[in-house]
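The structure under discussion appears below in the form of structure tokens.
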Amino acid sequence: MSDSLKAWAEAAARELKTRSPESLIWQTPEGIAVKPLYTEADLDGLERAAPPGQFPYTRGVRASMYAGRPWTIRQYSGFSTAEESNLFFRKNLKEGQAGLSVAFDLATHRGYDSDHPRVEGDVGKAGVAIDTVEDMKILFDGIPLDKMSVSMTMNGAVLPVLAAFIVAGEEQGVPPSSLSGTIQNDILKEFMVRNTYVYPPAPSMRIVGDVIAYGAAKMPKFNSISISGYHMHEAGATAVQELAFTLADGMAYVRAAQARGLTLDEFAPRLSFFFGIGMNFFMEVAKLRAARSLWAGMMAELGAKNPESLMLRTHCQTSGVSLTEQDPANNIVRTTVEALAAVMGGTQSLHTNAFDEAIALPTEQSARVALGTQLILQHEAGMTRVIDPLAGSYYVEALTHSLGVAARDLIARIETMGGMMQAVEAGLPKLEIEAAAARRQARIDQGEDVIVGVNKFAREQEGPIDVRAIDNSKVRAAQVARLEKIKASRDGAKVTATLEALKNGAKAGGNLLALAVDAMRARATLGEVSMALEDVFGRHKAEIKSVSGVYGASHSGLGDIQDDVASFAKETGRKPRVLVAKIGQDGHDRGAKLIASAFADLGFEIEIGALFQTPEEVADDAVKAQVDAVGISTLAGGHLTLVPQVIAALKARGRDVLVFVGGVIPQQDYDALRAAGVAAIFGPGTHVPDAARSVLGLIRARLRRNEP
């Protein structure tokens, strides 16, 4: 140890009195040891990062970075009808937004038209409803598609959605070659975390390859895939997991494109990425720097020659899971910190979440604050004047290296399994992310990870907050009316012919995006295109697995509730039984899996329902399993429609079963849910052991009332 370090250690020991500097070493959730002090010695043996714009692009993919052009402000938005979303887009563009990023509703994501009976509670709720080319044309009315970069978060129904966008461009006078933007088209992560898949993995990967091939041939300005770690981040992945699984996904897509006969440099320059940005500021900066370096090395090993093929270009979004329902104004600060991390890490474009998104869709006011956050960073904070200002920081450089090493090791583990397709089929990434989420929840519940306003510094009483409300029945009625009008006016024989050609292409070969463009041009609907492919490929149904023992092992203070549950079992001769359910097309299952895993560790007997169930299917499962309670997890705004239907279905089957609800539910909806018969409501930030106590008490009370 140098003399200066010895002097620091002695001074630190004197100041800390009872703690040595070594005792302050922090083990991050990624397993990386973070010291209280970093020095030049921590960079010994590490390669000095090349200047921005030079391989391996650790410091940035362009030499000038933001000094030449600021990052693109690309706010993710869309809700209700195409008309309402179009007005919102145009307003935001006038106020400084530079690119569009479209959120589609869950019916669209899952390949259903708005008139399908399975999507009654989902139409227009968590994004904009798109059924036909006409909807897409309305969405971009007055927005020149030859000048505007458009990003679309779409995976399962990527073929009809991208086809509708291409045809809308044609009918605006813009050929595919002039369209710019990105389609997510990242289906592997859907099987891991987000679950808005439609077809099984193998045909889904074929579709990914067809989209990449079509883009390489006809859409030189358009990114045919955005490989997303964001949804892994939101599902609870650590930074190492997000890095490794995202880049491994990227390798799987590269191989899929190469298997189609494409050379690496034909398509690799149009690959893009998408990362989530959380609250560990320096870790998030290091994550983006490590991602660029790792990807450049991986592509170089594959033989890429074009520098554009080696560059990892990324969009970022601030975290949704870090937002709190409690004291929501604090979320403005959280989003600003995360936005700073994305910018310091060198993102190419950025979305900043609105402060009320833990409760509902953003209002105009909260969306304006989110947009203003980026504008202030660009125009007031001097963020665009210096390239990679944290370069050379002993801590940041060491952290970048440590993250890269850990991610490389996890990627190597995936490669030994045969690649990401095989890892996904084995369930490895999904279960590892769920375990990380369970450990994180345990740390929060016992106060080890502080969430201001939630488990520390909480207010005694929360004030009301205005939220955006979508009249789901009104939106659905408007969409159904438009569908009926289009079906009545189109050439039915031509539609049938194009759908048959699509089926034949799925069976015998042919680019499915090209065939979908023909069908959408003839005014086939999104649901008809999806169903034509489903007739050939089938619709995927996930095998439900969950982690066990992780939450209980990570929480040291569960003895009292475990004793209460054991006492119940002794009194009744069985454990308390709970069905954890998802209804509608909401595939976000982090909350459901956390509750299922934690309650099981506390001693409950847990049944986990399949994804995408109707209220009647949930009721049937509850009756079959003879449960005491049904816990419904909801994040997509369909609770006022779907939860009362579950209660009605249970009553129709003659069963007196408790129903409790958790997730993203505005306070103003609580009374309506209680009036419908909901026994308990658990919002974001709920302390899981407290929820378990409450549910156990309700079950006990119900059994006492029903005693003869």
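These values consider heavy atoms only, across backbone and side chains, with no hydrogens, waters or symmetry-generated copies.
- Side chains of Glu434 and Ser597: a donor-acceptor N/O pair is absent below 3.5 angstrom, by distance only.
- The two atoms that bring Ala426 and Met417 nearest to each other are CB-CE, 3.8 Å, heavy atoms only.
- Atoms CG and OH, from Asp42 and Tyr394 in turn, are 9.5 Å apart once rounded to the nearest 0.5 Å.
- Here the CG atom belonging to Asn280 is positioned 6.5 Å from the CD atom belonging to Glu284, to the nearest 0.5 angstrom.
- A donor and an acceptor atom, one from each side chain of Gln374 and Thr352, are located under 3.5 Å apart.
- In this structure, the side-chain contact (heavy atoms from CB on, under 4.5 Å) partners of His401, at least two apart in sequence or on a different chain, are Leu46, Val405.
- Listed for the Gln348 side chain is no donor-acceptor partner under 3.5 Å among the backbone atoms of Arg313.
- Inter-residue side-chain proximity for Leu162 and Phe222 is flagged as met; some heavy-atom pair is nearer than 4.5 Å.
- Counting heavy atoms from C-beta outward, Ile227 and Tyr253 have side chains that approach closer than 4.5 Å.
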Legend entry - Trace of the side-chain contact (heavy atoms from CB on, under 4.5 Å) decision for Leu499 with Val529: CA-CA 7 Å; Leu499 292 174; Val529 168; 4.1 Å; yes

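- For the pair Val254/Met299, a side-chain contact is recorded, criterion being any heavy-atom separation below 4.5 Å from C-beta on.
- Heavy atoms from other residues, nucleotides or ligands lying under 6.0 Å from NZ of Lys218 number 12 at most.
- Formation of a donor-acceptor pair under 3.5 Å by the Asp518 side chain with backbone atoms of Leu515 is not found in this model.
- Between Arg260 and Ile212, every side-chain heavy-atom pair lies at or beyond the 4.5 Å cut-off.
- The two residues Pro160 and Met520 have their closest heavy-atom pair at O-CE, 3.7 Å.
- Within the model, atoms CG of Leu390 and OG1 of Thr400 stand 9.5 Å from one another, a figure rounded to the nearest 0.5 Å.
- With a 4.5 Å cut-off on side-chain heavy atoms, Leu100 and Phe140 count as touching.
- Under the 30°/60° scheme for interplanar angles, the aromatic rings of Phe55 and Tyr57 are found to stand perpendicular.
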Inset, instruction - Could you walk me through whether Arg334 and Ser322 pass the side chain to side chain donor-acceptor pair (under 3.5 Å) test, one step at a time? - result: CA-CA 8 Å; Arg334 293 185 177 100; Ser322 72; 5.8 Å; no

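- Taking the six-membered ring for Trp and thresholds of 30 and 60 degrees, Tyr199 and Phe537 have ring planes more than 60 degrees apart, a perpendicular arrangement.
- Crowding of Glu47 atom CD: a count of heavy atoms from other residues, nucleotides or ligands under 6.0 Å not exceeding 12.
- A salt bridge links Glu432 with Arg413: at least one charged nitrogen is closer than 4.0 Å to a carboxylate oxygen.
- Although no hydrogens or angles enter the test, the distance criterion places no donor-acceptor pair under 3.5 Å between the side chain of Glu357 and the main chain of Leu323.
- Between the side chains of Thr384 and Gln378, no donor N or O sits under 3.5 Å from an acceptor N or O.
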Inset, instruction - Start with the C-alpha distance between Leu410 and Leu243, add both sets of side-chain angles, then the distance that settles side-chain contact (heavy atoms from CB on, under 4.5 Å), and finish with yes or no. - result: CA-CA 9 Å; Leu410 184 48; Leu243 253 183; over 6 Å; no

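- Residue Asn223 holds its CG atom at 12.0 Å from CD of Gln184, rounded to the nearest 0.5 Å.
- A heavy-atom distance below 4.5 Å is not found between the side chains of Gln317 and Ile277.
- Remark: the backbone N or O of Ala216 is not paired with any side-chain donor or acceptor of Glu266 at under 3.5 angstrom.
- Checking side-chain atoms of Ser393 against main-chain N and O of Val396 turns up a donor-acceptor pair under 3.5 Å.
- Leu533 CG to Leu512 CG: the interatomic distance, rounded to the nearest 0.5 Å, is 6.0 Å.
- Closest approach of Val133 and Ala168 over heavy atoms only: CG1-N, 4.3 Å.
- Look at Glu308 and Arg62 and you find a salt bridge, because one of the NZ, NE, NH1 or NH2 atoms lies within 4.0 Å of a carboxylate O, short of that distance.
- Between the side chain of Thr314 and the backbone N or O of Thr347 there is no donor-acceptor pair closer than 3.5 Å.
- Residues Met251 and Leu302 meet the side-chain proximity criterion, which asks for heavy atoms closer than 4.5 Å.
- Salt bridge annotation for Asp186-Arg194: absent, with no cationic side-chain nitrogen under 4.0 angstrom from a carboxylate oxygen.
- Using a 30° and 60° split on the angle between ring planes, Phe191 and Tyr197 fall in the parallel class, below 30°.
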Inset, instruction - Start with the C-alpha gap between Val167 and Met136, add the side-chain angles, then the distance that decides, and say whether side-chain contact (heavy atoms from CB on, under 4.5 Å) holds. - result: CA-CA 9 Å; Val167 175; Met136 195 70 80; over 6 Å; no

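- The line from CG of Leu310 to CH2 of Trp295 is 10.0 Å long, rounded to the nearest 0.5 Å.
- Of the charged side-chain nitrogens involved, none lies within less than 4.0 Å of a carboxylate oxygen, so that Lys189 and Asp249 do not count as a salt-bridged pair.
- The two residues Ala291 and Leu312 make their nearest non-hydrogen contact at O-CD1, 3.5 Å.
- With salt bridges taken as basic N to acidic carboxylate O contacts below 4.0 Å, none links Arg48 and Glu397.
- Of all non-hydrogen atoms in Gly510 and Arg206, the two that sit nearest each other are O-NH2, 2.9 Å.
- Annotation: cation-pi pair Arg292/Phe275 absent, no NZ/CZ under 6.0 Å from the ring centroid and within 45° of its normal.
- Around the CD atom of Gln27, the shell of radius 6.0 Å holds more than 12 heavy atoms that belong to other residues, nucleotides or ligands.
- Under 3.5 Å, the side chains of Arg74 and Ser149 contain a donor-acceptor pair of N or O atoms.
- Taking the side chain as every heavy atom from C-beta outward, Phe245 and Ile433 approach each other to under 4.5 Å.
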Legend entry - Verdict with supporting geometry, Met192 and Met420, side-chain contact (heavy atoms from CB on, under 4.5 Å): CA-CA 11 Å; Met192 284 187 251; Met420 202 58 174; 3.4 Å; yes

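- Annotation: Tyr395 is in aromatic contact with Tyr38 [ring centroid separation under 6.0 Å].
- When atom types are taken as modelled, the side chain of Arg270 and the backbone of Met219 share no donor-acceptor pair closer than 3.5 angstrom.
- The two residues His351 and His315 have their closest heavy-atom pair at N-CE1, 3.5 Å.
- In this structure, the side chain of Asn155 engages the main chain of Asn185 through a donor-acceptor pair within 3.5 Å.
- Partners of Arg59 according to the salt bridge (Lys or Arg N to Asp or Glu O under 4.0 Å) rule, which considers only residues two or more places apart in sequence or in another chain, are Asp388.
- Side chain of Asn353 to backbone of Thr318: a donor-acceptor contact under 3.5 angstrom is found.
- Using modelled atom types and a 3.5 Å distance limit, the side chains of Thr108 and Asp105 yield a donor-acceptor pair.
- With hydrogens and angles left out, the side-chain atoms of Ser178 and Asp146 include no donor and acceptor closer than 3.5 Å.
- Aromatic ring orientation, Tyr230 versus Phe274: parallel (interplanar angle below 30°, classes split at 30° and 60°).
- Formation of a donor-acceptor pair under 3.5 Å by the Thr196 side chain with backbone atoms of Gly156 is not found in this model.
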